[in-house]
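Reviewing the structure listed below.
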Protein chains: 2
Amino acid sequence: MTSALVRKLECYLPLSDVDRAGLEALQFKFHSIAAKSEVEAILPAGGAVHQIQTGYACRYRQLPDGRRQISGLMIPGDFIDLRKFVVTGAEHGVFGLTELALMGYDAASLLRVLEARPRSAQAVWRALLAEESIAQEWLVSLGKRSALERVAHLICELYVRHTVMNEGAGRTFTLPITQREIGDAMGLSTVHVNRTLRELRQRGLAKLQSGQMEILNFEKLADLAMFSPTYLQFRNRTANRH
Amino acid sequence: MTSALVRKLECYLPLSDVDRAGLEALQFKFHSIAAKSEVEAILPAGGAVHQIQTGYACRYRQLPDGRRQISGLMIPGDFIDLRKFVVTGAEHGVFGLTELALMGYDAASLLRVLEARPRSAQAVWRALLAEESIAQEWLVSLGKRSALERVAHLICELYVRHTVMNEGAGRTFTLPITQREIGDAMGLSTVHVNRTLRELRQRGLAKLQSGQMEILNFEKLADLAMFSPTYLQFRNRTANRH
DNA sequence: CGCGTGTTTGAAACCGCTCAATGACTGTGG
DNA sequence: CCACAGTCATTGAGCGGTTTCAAACACGCG
């Protein structure tokens, strides 16, 4: 059975057996973090890269007057602090949407592996780039897409990300997120998120119910959102075929 | 006289004489590009990193239905394709707002210098990180700031960036950008950008006239925008003291 | 049971958009 | 030199998408 680390990286770049072996030899520590809590405050500061085993988290920034902007959603398999591994430019916090089970890789050991295996290093770069690329796409959403398009686009994004990590698990996936959090991510009020989700449901496109997102018609949903999965940087485009 | 490359990188990290010498020994080619044109279409593809000597440009993404989202503004001294130097994940175009004079550094030669001088390499990372960090801040603006706050914040950002690159050239700086372009960047209609600029003028905060932005009251402007320059990653915080 | 959290819906207000028209400026061709 | 077209800035009027305020409802939990 391949490790979560290898599984994640191979979403971006196929690895050789030697690459895989190097990564799988890495030790890691488990961390368990209660739901709705500040992740950074609990984790040992620096020196490690953490990957989500189970649970959901978000990156966010808080304005001085209390407004909160969520700038990224992290699902199982994602790294939550890859950026800090590269440079120490914090600026944002990480918040657990659910209870989290994390795997923490020692940064120094990881670095050694990456220096020995350039292809593994490239895969990590890709993973980081994909994050930035998603943020870029959110920028487009917030700037140019309507509420309906924004939420539809977010659903498409998460659907593809789930599908790629889980190798196509059907048209329903776990999404334990409140409407308030969707609003904080997409720049909408909670109330309007509610109405928007209702509209998507009534149009027969997607349905969110008790933490489960059901895709009713991916083609129409992607069409409405002007969603094109290439920006996610996945090498494997199976998710592209709805 | 120090080269533009060194001057830019030293905004992020102080360099040693050896670092500087290595960078200044780099050859570069000049490129001149007409105003209002697609930069990528003209530049020799790949293999080079370009820095703006004079002129202004923007990074943007176009949606299939024609809507355009500007995701970054580049001013003299900035690199326009640093990201592509790291990974080939295009997705966005570069557009010259004015006529551009570019310096093109050969990517392979630059890479050699950076491998020999880790501190220079780190400065380049910082420059790239700063770009991402600005995009992140725009995400916050688009998601959570009002039109007035957004435009005010953009003005603060550009003011500080100008000040740092030009070592504090006073409270007026060149900003040859149309109101339509401000709108495409901040997710506002042209008409509303106009009204917003009028409001800022009437409040005695900032004034944009024939391509010159004049800061009338930086403190109040920054306060309105909830602007805090740390995200720009500059080591030199003189711009912080208004 | 009562409480807290999250969802749902209605009504009214508002911010920002669209449509439309005018004026200022610039470059172009006659 | 003037007429013309094109781009950009400016302003008014009206519409509409989204927000805010408010209240009810559903659900899980101690």
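As the structure is a computational prediction, the values presented were derived from the model and not from experiment. Only this structure's heavy atoms are used, side chains among them; waters, hydrogens and symmetry mates stay out.
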Could you give me the CA-CA distance, side-chain angles and deciding distance for A/Ser141 and A/Glu149, then say whether side chain to side chain donor-acceptor pair (under 3.5 Å) is met? CA-CA 8 Å; A/Ser141 275; A/Glu149 292 167 339; over 6 Å; no

Which part of the nucleic acid does A/Thr190 contact within heavy-atom distance under 4.0 Å: base, sugar-phosphate only, or nothing? nothing

Counting the atoms with a prime plus P, OP1 and OP2 as sugar-phosphate, which does A/Gly187 contact under 4.0 Å by heavy atoms, base, sugar-phosphate, or nothing? sugar-phosphate

Between B/Leu208 and A/Val191, the residue closer to the 5' end of DNA chain D by nearest nucleotide is B/Leu208

Just how far, in rounded Å, is P of D/dC8 from CZ of B/Arg180? 8 Å

Taking the six-membered ring of B/Phe95, is the NZ or CZ of B/Arg68 close enough (under 6.0 Å from the centre) and on axis enough (within 45°)? yes

Report yes if a side-chain nitrogen or oxygen of B/Asn194 is closer than 4.0 Å to either non-bridging phosphate oxygen (OP1 or OP2) of D/dA9; otherwise report no. no

The side chain of A/Ser189 lies closest to which of these nucleotides: C/dC17, C/dT7, D/dT19? D/dT19

Protein-nucleotide distance (A/Arg195, atom CZ; D/dG16, atom P), rounded to Å: 17 Å

Side-chain donor-acceptor pair under 3.5 Å between A/Tyr60 and A/Gln69, yes or no? no

CG of B/Leu197 versus P of D/dA9: gap in Å, rounded? 9 Å

Atom CG of B/Leu188 to atom P of C/dT18: distance rounded to whole Å? 11 Å

With ring centroids as reference points, do B/His153 and B/Tyr159 lie under 6.0 angstrom apart? no

Separation of atom CD in A/Gln209 from atom C1' in D/dA26, rounded to whole Å: 12 Å

Rounded to whole Å, please give me the gap between CZ in B/Arg198 and P in D/dA9. 14 Å

How close or far is atom P of C/dG27 from atom NZ of B/Lys36, stated in whole angstroms? 14 Å

To the nearest angstrom, the NE2-P distance between A/His192 and D/dC21 comes to 17 Å

